[in-house]
Amino acid sequence: MIAIILGIIFIAFTVFAVLPACPLNWGAEVIAFLKGGAPVLAAFVGMICLFIGAADIKDKKEAKKEEASKNDAQ
């Protein structure tokens with residue numbers, strides 16, 4: 001319950017801080033942050049995808065070896 005209330009408070013603050021009619025008017029800074037952070041985020045996501053893909057290929061290779069050894073044993 002506390003998490004929901006805190007989430008609503010943070011979302012309300014974000015809307016208050018970004019809207020141009022409000023005193024903070026941080027909209028331009030938020031856009032600049034998102035523009036600067038997007039390439040870094042894309043690089044991290046790409047690296048994670050590479051690691052997951054490599055692990056998947058490795059697992060499939062091991063599963064094939066196990067399957068072949070089970071078939072040879074029978």
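Side chains included, hydrogens not; waters and symmetry mates left out as well; all remaining heavy atoms used. Start at 1 with the first residue, then count along the sequence.
Ile2 and Phe10 fall within a single hydrophobic cluster, where Ile, Leu, Val, Met, Phe, Trp and Tyr are joined by side-chain heavy atoms under 4.5 Å apart, directly or via other members.
The environment of Ile4 atom CD1 is sparse: at most 12 non-hydrogen atoms of other residues, nucleotides or ligands sit within 6.0 angstrom.
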query = Given the rule in the side-chain contact (heavy atoms from CB on, under 4.5 Å) test, do Ile31 and Trp26 qualify, once you have shown the distances and angles that lead to the verdict?
reply = CA-CA 9 Å; Ile31 296 298; Trp26 289 351; over 6 Å; no
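For Asn25 against Val18, the heavy-atom pair with the smallest separation is OD1-O, 4.4 Å. For the residue pair Phe16 and Pro23, the shortest heavy atom distance occurs at CZ-CD, 3.7 Å.
Annotation: the span from Ile57 atom CD1 to Glu62 atom CD amounts to 12.5 Å, rounded to 0.5 Å. With values rounded to the nearest 0.5 angstrom, Asp59 atom CG is found 11.5 Å from Ile52 atom CD1. The NZ atom of Lys64 sits 10.0 Å away from the NZ atom of Lys61 when rounded to the nearest 0.5 Å. Put simply, CD1 on Ile9 and OG1 on Thr14 are 11.5 Å apart, with the number rounded to the nearest 0.5 Å. Between the SG atom in Cys49 and the CZ atom in Phe44 there is a gap of 13.5 Å [rounded to 0.5 Å].
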